[in-house]
Amino acid sequence: QVQLVESGGGLVQAGGSLRLSCAASGRTASSYDMGWFRQAPGKEREFVAVISWSGSRTYASDSVKGRFTISRDNAKNTVSLQMNSLKPEDTAVYYCAAGPRGGLSRDNNSYGYWGQGTQVTVSS
């Protein structure tokens, strides 16, 4: 079992920055690839970024590439999402998820553990 708790969301003006954190608990938390997803009102949940269990590989969606950076600290069992140059279209609830090791999956159906989400609102 893995428990995930996100934090760091809030209200920010366009062009600003936020850093989301995800605290993972459970004996094997560090052995999972970790992803960030987001869901805006009336839209399906979409992939944002993923990092391998070791932290050596990452992948981000085209919509956030160059603006968002995913990282992890396995010693602290945390995963972070640094979000820069935020746009109003980044407004959503952001979810942290633990997924299958090694695949850098972008499919939310392959992730077995999810946090409760944290709201990010970007004003224009």
Side-chain angles (χ1 to χ4, degrees):
Q1 285 283 353
V2 177
Q3 292 79 43
L4 304 172
V5 179
E6 302 97 335
S7 62
L11 173 65
V12 65
Q13 288 189 332
S17 298
L18 279 176
R19 185 177 181 87
L20 305 183
S21 292
C22 174
S25 60
R27 270 191 314 168
T28 60
S30 62
S31 65
Y32 290 86
D33 287 4
M34 297 296 295
W36 285 96
F37 292 79
R38 66 186 181 186
Q39 188 166 19
K43 295 188 177 181
E44 293 187 351
R45 190 170 297 187
E46 67 168 342
F47 166 79
V48 175
V50 60
I51 187 166
S52 63
W53 67 275
S54 66
S56 62
R57 295 185 297 150
T58 63
Y59 185 84
S61 67
D62 288 343
S63 61
V64 306
K65 199 169 292 182
R67 299 187 299 122
F68 292 10
T69 302
I70 188 171
S71 61
R72 71 188 296 166
D73 184 339
N74 283 343
K76 297 181 179 180
N77 275 347
T78 58
V79 180
S80 298
L81 185 69
Q82 178 66 43
M83 306 186 296
N84 299 327
S85 302
L86 283 160
K87 305 175 181 180
E89 51 264 43
D90 294 319
T91 295
V93 177
Y94 282 71
Y95 298 90
C96 171
R101 174 172 168 165
L104 288 182
S105 176
R106 286 158 276 176
D107 180 1
N108 60 0
N109 291 315
S110 65
Y111 285 75
Y113 301 99
W114 292 84
Q116 83 289 350
T118 185
Q119 176 71 49
V120 171
T121 303
V122 185
S123 63
S124 57

Between Glu6 (side chain) and Gln116 (backbone), is there a donor-acceptor pair under 3.5 Å? yes
In terms of heavy-atom contacts, Leu4 and Ala24 come closest through CD2-CB, 3.6 Å
Short question: side chain of Asn77, backbone of Ser25 - any donor-acceptor pair under 3.5 Å? no
Quick one: list whatever passes ring pair (Phe, Tyr, Trp, His ring centres under 6.0 Å) with Trp53, sequence neighbours left out. none
My understanding is that only residues two or more places apart in sequence, or in another chain, count here; which of them pass side chain to side chain donor-acceptor pair (under 3.5 Å) with Ser110? Ser105
Do Ser61 and Phe68 have side chains that get closer than 4.5 Å, going by heavy atoms? no
Would a 4.5 Å heavy-atom cut-off, applied to side chains only, mark Trp36 and Met83 as touching? no
Heavy-atom pair with the smallest gap, counting every atom of Cys22 and Met34: SG-CE, 4.3 Å
Ring pair (Phe, Tyr, Trp, His ring centres under 6.0 Å) filter on Tyr113, not counting sequence neighbours, yields Tyr32
Is the shortest side-chain heavy-atom distance between Ser52 and Leu104 below 4.5 Å? yes
Looking only at atom types and distance, does a side-chain atom of Arg67 sit under 3.5 Å from a main-chain N or O of Ser85, one as donor and one as acceptor? yes
Show me the donor-acceptor pairs, under 3.5 Å and distance only, between side chains in residues 92-103 and residues at least two apart or in other chains.
from  : atom 1 : to    : atom 2 : distance (Å)
Tyr94 : OH     : Arg38 : NH1    : 2.9
Tyr94 : OH     : Asp90 : O      : 2.6

Enumerate, atom names and distances included, each donor-acceptor pair closer than 3.5 Å involving a side-chain atom of residues 12-20, sequence neighbours excluded.
from  : atom 1 : to    : atom 2 : distance (Å)
Ser17 : OG     : Asn84 : OD1    : 2.9
Arg19 : NH1    : Gln82 : OE1    : 3.1

Heavy atoms of Ile70 and Val79 approach each other most closely as CG1-CG1, 4.1 Å
Counting N and O atoms only, with roles assigned by atom type, does the side chain of Thr58 sit under 3.5 Å from a partner on the main chain of Ile51, one being a donor and the other an acceptor? no
Can you list everything that forms a salt bridge (charged side-chain N to carboxylate O under 4.0 Å, His left out) with Lys65? Sequence neighbours excluded, please. Asp62
